[in-house]
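Residue numbers start from 1 in every chain, and the chains themselves are labelled A, B, ... in the order their sequence lines are given, proteins ahead of strands.
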Amino acid sequence: MRLGRPLPAGYNRHSRYRFTSLLGGDSRELEIVELAAKPTKRPARKPDKQPVKNVPGGAGARRVRRADTPGSNGHAQTDPAFDAPSTNGEAVEESAMSPVVEPERRRRATAQSMAAKQRDISVSEFFAKNRHLLGFDNPRKALLTTVKEAVDNSLDACEEAGILPEIWVHVEQTGPDRFKVGVQDNGPGIVKKQIPLIFGKLLYGSKFHHLRQSRGQQGIGISAAGMYGVQTTGKPVKIISKVAAKKPSHYYEIQIDTKRNEPQILNGRGEGVDIPPGSKGAEYIAKHGIEWVDQPHGTRVTIELQSKFVRGRGSVDDYLTQTAIANPHIALHYTDPEGNARDYPRSADRLPAEPKEIKPHPYGIELGRLIALLHEAPNETVSQFLTTTFTRVSPAIARKICHTAKISTRASTRRIGRKEADALFQAIQATKIAAPATDCISPIGEVLILKGLHQVVPGEFYAAATRPPAVYRGNPFQIEVGLAYGGQAAMQHVSKEMLRDLIDETDARTIRQFLIHTFNGLGSDAADRILKGSGLGTRQSPSSLKPKEVEGLLAAMKGVNVSEGQTMEVLRYANRVPLQFSPASCAITQTILGTNWRSYGLSQSRGGMPKGPVTVMVHVASVWVPFTSESKEAIASYPEIQKELRLALQAVGRKLGMYVRRRLKVKQQSDRRQIFLRYLGEVATAVSEINAVDRSALYEQLLSVAKKRTADADVKLNDRGRPIEEIQELEQDANVLIVDPTAAPVAINRAPAAPEQTE
Amino acid sequence: MAKRLIRRNRDAVAEAKEVAAKLTPRDKKTMTSIVGLADGVVAAAEKRRDPHVDIPSRTLSNIRYSPRKRIIEMGNSTNRRQLFDLSQAKAYMRTMLVASGCKKLLTQGKTTSLRGMYYMLKHTIEGTKENTFDEQSECDTVIEDVEVLLTSLREELHLYADKRGEMVGNIILNDSGDEIDCSRMGSGGYAIPSIVEPEVIRLDPKKCDAKFVLHVEKGTVWQRFNEDKFWRKHHCILTHGAGQPPRGVRRMLHRLHNELKLPIYCVLDNDPWGYYIYSVLKQGSINLAFESQRMAIPDCRYLGLRSRDFERCDLSDSVKIALNENDRKRAKQIAGYPWFAKKRDWQREIQKMLQNDFKLEVESLISKDISYVTEQYVPARLAEQDWLD
């Protein structure tokens, strides 16, 4: 039994995954968890219930188990029994305080009476109560999380099957605070008997036990979304899946039995329904109102849930746009609750390289994990164990480790106790081991980043950089950065009708608010300038605008230089999934703030975001992305990761700098000509007054000299070398894309898309 | 020259306006150099070259002290001013404007002040909101550039500065045909004009009854000497330059010294500023180094006030003015000038002032007695021949 083996190396570090697995209905995981996890971070309530079989002390009461669990030192465990006295402030000295000698406690309850209350907690029950841990903390986020989990699953499935993904996302309002989310893919489909388990059981999935780059990890998301839907609306999750064109589609309506963490099938007398292929099936689908875009194979999940639809930052629109940027190989069709359809066409016809699965690297392992792995290992020598379990451990290295740990290489793993394991762990840290192979990561690639950005973000200059893979704590990772610069802000493409619609739709109280919230990247400075230009009052309400005032506003919007107050927009990705929350605590944001963008031609106040019409996307790909929290919102600041981030940002920054400087140079050149022209007339007049030559003839001559001179100046710059070479270099650079902003399709597309940005 | 101009000028309106005044030989010379400047632009334009002018640089680095002549002379370094250079285009345009303005003055036979020239040339550049000049100071520096560029003096360009400085004394001079008796100027004195060239002011040794010239720093002191009729008693000419003497005063002193062979004595404040006024009178100024030849008076003498006068004249503490940091710095700088560096007396003088750590104004002598300076101080110095050279 090698159950725990392929667990991610950073496993214990990131409690997000750890604790979810703690509750796993799957007993295989439980073992590992019980052995490996440090109880310190474990949520106090849940561990009790687990039917742990082969963990020492695992089945006992929580107090006992805490003390006995291997690898636990129990110091910070939040055990209510321990916490109570200290919070009461009765015991002055902690050391003197023992839970056993607590007189008050005894009077209230006895060990026996407490034991009667102690029982299992189902994973689903736990998450039903703690839905915020999975991103269902508010209705707004619930909608996004649902879409996100469904789309991530679809993408993973398609990619694993080698199919170019095509995704349909349909959000429909069914009640004042109810929405129906339908997500369909053209993936391989799901075999009949797996459907209820995948969608109706928490912690059931294929990705958890493998150390490789994928979007989802623990098989909790989509079933949790379904559970949330069932709980808030009572409507079951509807799944229809088809494996091949000639095979029947399977249709299920299910809900989770939260007590048992088991799916409950509601239709077809608990068996689901098979819809035959062909016209007969189409009839059935139409008759029963099943939503399905006809496809030879694929899966569609429909969840109805209580939520709120918003636009702007952290919205479904935003998520899909960002997903399209980082996944140029997908085609996305999105219909929003207002019936607007938006298509994100595919800009790459090739699937990204399939990420490889790897064994954990010894540096990324923790003592508890090591003990667990030793425990599970079949009877073999320590040397064998080390070489087979870990990557980059050759027999020679294994010998070295054993030597340092003062353990015989031929010792059986069965004989390794805690002490020896500790020695072994210390020895691993002290031994020099090569970094893991990094070819297991599948980056988006510079070309595709450029394509993706160009497709979605309006701009005139695009640059991308993919860093070579690097390693943090034994986990390979790779950083990619894309940058889009310039282009016109969405608001400058807005037509009069569009603006009027936008004003009608908005619920902003003042026009200033309306401007800031409606148009992405429009800072308050720019909004103020627009208001000033239009002559409207800051506090005026959008609904009270007269037609003439709307026209004035429109004129001001087109006339004002918006880019002056714009700040950089940052799109963060982890394994191609957009991160939309907690930007401040994320390593990506921190590194961007720490980079000096002034040398790349952007203005930046100390410790602030750079200003200008810039969008930066940063992708962190890793077999194990170190998130700061369970909700996968921000990436932890490992120095290795920050360093790679900085280098990648600098790489695109340098290219941006060249471009910005060149633009400046062109502008200066024409300014220069202007200055000369301005004074030529005066000089010609003065000279003709002195020696009576023909003024206009002299002026013409001077003019031609001026033209020659300014052209000369260009040449001179070229001859001096650097500047011109830089420009040529820039144009030849495969990682740079320069487009005419007015011809960019996005610049035009953006106008109808503008309402999607309304908040 | 004038004929040629009229022939070449095809602009009928300008022609009608230009009452071609009779050009003096000096004007002709100036005109030639102005036209030469303009022709240079035309020639460059025809050859599709970048028109430029080389202006002798008027900086400390481009002057040197000639121990033989005992004056400051201008070096040979020049600054090139090009039309097709971003930072110089406007200055070049202004140079040409000033040249054309001077040409206009010459042909019309009129003179104007620096401010007049500024207004003459100030206008908005066609098609822009930019003015040719925004401040008079911008125009003044360009005028100085043109002076050195054409090696013409300001008066040769028909320009004059504000009048400053007055004179009285036993001399009768001829100013543009009018006889001026400087001994009959009442309490006011004869205002020294900005242009005192022989064409304007004629000096006649026969009409001069003065033995020396006493130059004082400013009007108030000059007023004291005039009221006491010092010049009558001592047979001298009394001048002042209202602080740093303007060119007219310096040129006048120069002519009095060289043409009438009158020695020049200065009574200036005992502070770095006073020292510097003396230095300018004696060796010439850095900014106008090109004019030292006709302005500097190497034999000019410094009569007072001296650093030791506080003790010598037994002045009270209340007249002391403490030196500030700037004064000390300036004093050290002056002590370092090559024309002072080798004069032990001057070094001692400046050292003494630094030791005192205070400065004295000429007016401080009034604390002794209103007429102390005219009746005791200056006569005593002259009698003792106690001066610095």
Considering only distance and modelled atom types, tabulate donor-acceptor pairs under 3.5 Å from the side chains of residues 42-49 of chain B, sequence neighbours left out.
{"unit_1": "B:Arg48", "atom_1": "NE", "unit_2": "A:Ser704", "atom_2": "OG", "d": "3.0"}
{"unit_1": "B:Arg48", "atom_1": "NH1", "unit_2": "B:Ala45", "atom_2": "O", "d": "3.3"}

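- Between chain A and the options B:Thr95, B:Leu121, B:Val98, B:Leu97, heavy-atom pairs under 4.5 Å are most frequent for B:Leu97.
- B:Thr132 places none of its side-chain heavy atoms less than 4.5 Å from the side chain of A:Tyr679.
- Side-chain contact between A:Ile690 and B:Leu37 is absent, with no heavy-atom pair separated by less than 4.5 Å.
- Side-chain contact between B:Leu83 and A:Leu680 is present, with heavy atoms from C-beta onward closer than 4.5 Å.
- The 12-atom threshold is exceeded at CG of B:Asp134, counting heavy atoms of other residues, nucleotides or ligands nearer than 6.0 Å.
- Summarising the geometry of B:Phe84 relative to A:Leu702, their closest heavy-atom pair is CZ-O, 3.5 Å, with the distance given to 0.1 Å.
- Nearest heavy atoms, B:Ser100 versus A:Ala686: CB-O, 3.6 Å.
- Remark: B:Gln82 pairs with B:Asp50 by the side chain to side chain donor-acceptor pair (under 3.5 Å) rule, at least two apart or across chains.
- No side-chain heavy atom of B:Pro51 sits less than 4.5 Å from a side-chain heavy atom of A:Val683.
- Within the 4.5 Å cutoff, the side chain of B:His123 has heavy atoms near those of the A:Glu682 side chain.
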Practice item. Quick one: do B:Lys104 and A:Glu689 satisfy side-chain contact (heavy atoms from CB on, under 4.5 Å)? Show the steps, please. Key: CA-CA 8 Å; B:Lys104 213 175 279 174; A:Glu689 267 172 21; 3.9 Å; yes
